[in-house]
Undergrad: 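Before we start, here is the structure in question, set down as structure tokens.
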Amino acid sequence: MQGAYLHRADLRGCDLSGAKLKDADLSEALWDDLTRFPEGFAIADVGAYAIAPGADLAGADLRRVRFSGVDLSQANLEEADLSWADLSRANLRSANLKGANLKGANLMGANLIGASLSEAELELADLRGAIAPDGSPYSGEKS
């Protein structure tokens, strides 16, 4: 995989421990705690996004990404572009979504308790079954 173009690739759960990643473009690639990298590989230096509770994804381009059932509790998603992303059943408890673009996002069944949604774009977002920041259920209609 030396020199591979993996920009915006979804590497969550991948075992890359035996791969040679020299000069590979991993910018904006997604990884999680199940992703395995070669020993000594500095994932923090390549511009990839950790998908985990408390992750700092401020300003990240996450358009159309599938985050169904993902735990992003306490994550910083301020000003992130999550337009048309699948966040169904995602745990966004206490996440910072201030100014985030959630246009057309699927938030069905998402946990938004304690989340900051001020200035967030929610046009066409599907919030059916989601739990609002105050703990109340959202109505059954799209925004």
Side-chain angles (χ1 to χ4, degrees), residues 1 4-19 21-143:
M1 298 190 77
Y5 182 73
L6 298 171
H7 174 76
R8 290 185 54 101
D10 190 344
L11 303 174
R12 292 177 287 171
C14 290
D15 184 355
L16 301 170
S17 58
L21 295 173
K22 183 178 185 222
D23 298 323
D25 180 359
L26 292 159
S27 60
E28 298 182 17
L30 308 177
W31 63 280
D32 61 14
D33 60 345
L34 298 175
T35 308
R36 299 291 168 247
F37 292 100
E39 189 174 320
F41 183 75
I43 188 65
D45 296 340
V46 297
Y49 299 141
I51 306 304
D56 186 2
L57 299 165
D61 181 357
L62 301 167
R63 290 170 291 164
R64 300 188 182 277
V65 172
R66 289 184 177 168
F67 284 145
S68 182
V70 169
D71 186 358
L72 286 170
S73 56
Q74 299 180 348
N76 182 10
L77 292 155
E78 185 172 356
E79 301 287 332
D81 187 350
L82 291 155
S83 56
W84 306 102
D86 180 2
L87 292 154
S88 59
R89 299 180 323 278
N91 182 5
L92 296 164
R93 185 180 197 109
S94 301
N96 178 7
L97 290 156
K98 182 179 179 183
N101 181 358
L102 292 159
K103 182 177 182 176
N106 178 356
L107 290 154
M108 290 177 61
N111 178 357
L112 295 163
I113 293 174
S116 171
L117 289 165
S118 64
E119 302 173 36
E121 171 62 60
L122 290 166
E123 182 184 357
L124 301 175
D126 191 344
L127 293 157
R128 291 176 290 175
I131 305 170
D134 65 2
S136 65
Y138 274 103
S139 68
E141 298 180 18
K142 289 185 179 183
S143 291

Undergrad: Give me the atom names and distance for the closest heavy-atom approach of Leu57 to Ala80.
TA: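 Scanning both residues completely, I find the closest heavy atoms to be O-CB, 3.7 Å.
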Undergrad: Would you say that Leu30 contacts Ile51 through its side chain, given a criterion of any heavy-atom pair below 4.5 Å between the two side chains?
TA: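 Yes, at least one pair of side-chain atoms sits under 4.5 Å.
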Undergrad: Among Leu102, Val70, Asn106, which one satisfies side chain to side chain contact (heavy atoms under 4.5 Å, CB included) with Leu87?
TA: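 The option that passes is Leu102.
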Undergrad: Given Asp86 and Ser68, is the side chain to side chain contact (heavy atoms under 4.5 Å, CB included) satisfied, shown in steps?
TA: CA-CA 6 Å; Asp86 180 2; Ser68 182; 3.7 Å; yes
Undergrad: Would you check if the side chain of Asp45 reaches a backbone N or O of Gly47 as a donor-acceptor pair within less than 3.5 Å?
TA: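 The answer is no, because no donor-acceptor pair under 3.5 Å joins these two groups.
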Undergrad: Applying side chain to side chain contact (heavy atoms under 4.5 Å, CB included), run through Leu97 and Leu82 and close with a yes or a no.
TA: CA-CA 10 Å; Leu97 290 156; Leu82 291 155; 3.9 Å; yes
Undergrad: Please examine the side chains of Phe41 and Leu16, heavy atoms only from C-beta on, and report whether any two atoms are closer than 4.5 Å.
TA: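 Of all side-chain heavy-atom pairs linking Phe41 with Leu16, none is under 4.5 Å.
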Undergrad: Does any pair with a residue in residues 6-15 pass side-chain hydrogen bond (donor to acceptor under 3.5 Å, both in side chains), and if so which ones, sequence neighbours excluded?
TA: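 Non-adjacent pairs meeting side-chain hydrogen bond (donor to acceptor under 3.5 Å, both in side chains): His7-Ser27, Arg8-Asp61, Asp10-Arg12, Asp15-Ser17.
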Undergrad: What distance separates Leu26 CG from Tyr5 OH, expressed to the nearest 0.5 Å?
TA: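 Answer rounded to 0.5 Å: 11.5 Å.
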Undergrad: About how many Å separate CH2 of Trp31 and CG of Leu11, when rounded to the nearest 0.5 Å?
TA: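 Reported to 0.5 Å precision, the distance equals 11.0 Å.
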Undergrad: Restricting to non-hydrogen atoms, name the atom on Met1 and the atom on Ala19 that form the minimum distance, rounded to 0.1 Å.
TA: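 Between these two residues, the closest heavy atoms are SD-CB, 4.1 Å.
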Undergrad: Determine whether the side chains of Arg63 and Ser83 contain a donor N or O and an acceptor N or O closer than 3.5 Å.
TA: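 The criterion, which ignores hydrogens and geometry beyond distance, is not satisfied for Ser83 and Arg63.
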Undergrad: Working to the nearest 0.5 angstrom, can you tell me the gap between Ile131 CD1 and Ile113 CD1?
TA: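 Rounded to the nearest 0.5 Å, the CD1-CD1 separation comes out at 4.5 Å.
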Undergrad: If we ignore angles and hydrogens, is there a donor and acceptor under 3.5 Å between the side chains of Asn101 and Glu121?
TA: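 Per modelled atom types, Asn101 and Glu121 side chains form no pair under 3.5 Å.
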Undergrad: Can Asp71 and Asn91 be counted as having a side-chain donor-acceptor contact under 3.5 angstrom?
TA: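 A donor-acceptor contact under 3.5 Å links the two side chains.
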Undergrad: Counting distance only, does the side-chain N/O of Asp32 pair as donor-acceptor with the main-chain N or O of Gly13 below 3.5 Å?
TA: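 Yes.
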Undergrad: When you measure from the side chain of Asp33 to the backbone N and O of Thr35, does any donor-acceptor pair fall under 3.5 Å?
TA: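 Checked: no pair found.
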Undergrad: For the OG atom of Ser88 and the CZ atom of Arg66, what is their distance to the nearest 0.5 Å?
TA: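 Reported value, rounded in 0.5 Å steps: 10.0 Å.
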Undergrad: Flag the pair Leu107 / Tyr138 as yes when at least one side-chain heavy-atom distance between them is below 4.5 Å, and no otherwise.
TA: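 A side-chain contact is absent here, since even the closest heavy-atom pair is not under 4.5 Å.
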Undergrad: Would you give the length of the straight line joining atom CG of Asn76 to atom CG of Asn96, rounded to the nearest 0.5 angstrom?
TA: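 Rounded to the nearest 0.5 Å, the CG-CG separation comes out at 4.5 Å.
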Undergrad: Of all the heavy-atom pairs spanning Ala48 and Ile43, show the shortest one and how long it is.
TA: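 Minimum heavy-atom contact is CB-CD1, 3.7 Å.
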Undergrad: Side chains of Leu127 and Leu112, heavy atoms from C-beta outward: is any pair under 4.5 Å?
TA: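 Yes - at least one pair of side-chain heavy atoms lies under 4.5 Å apart.
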Undergrad: Kindly compute the distance separating NZ (Lys98) from CD (Glu78), expressed to the nearest 0.5 Å.
TA: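 These two atoms lie 5.5 Å from each other.
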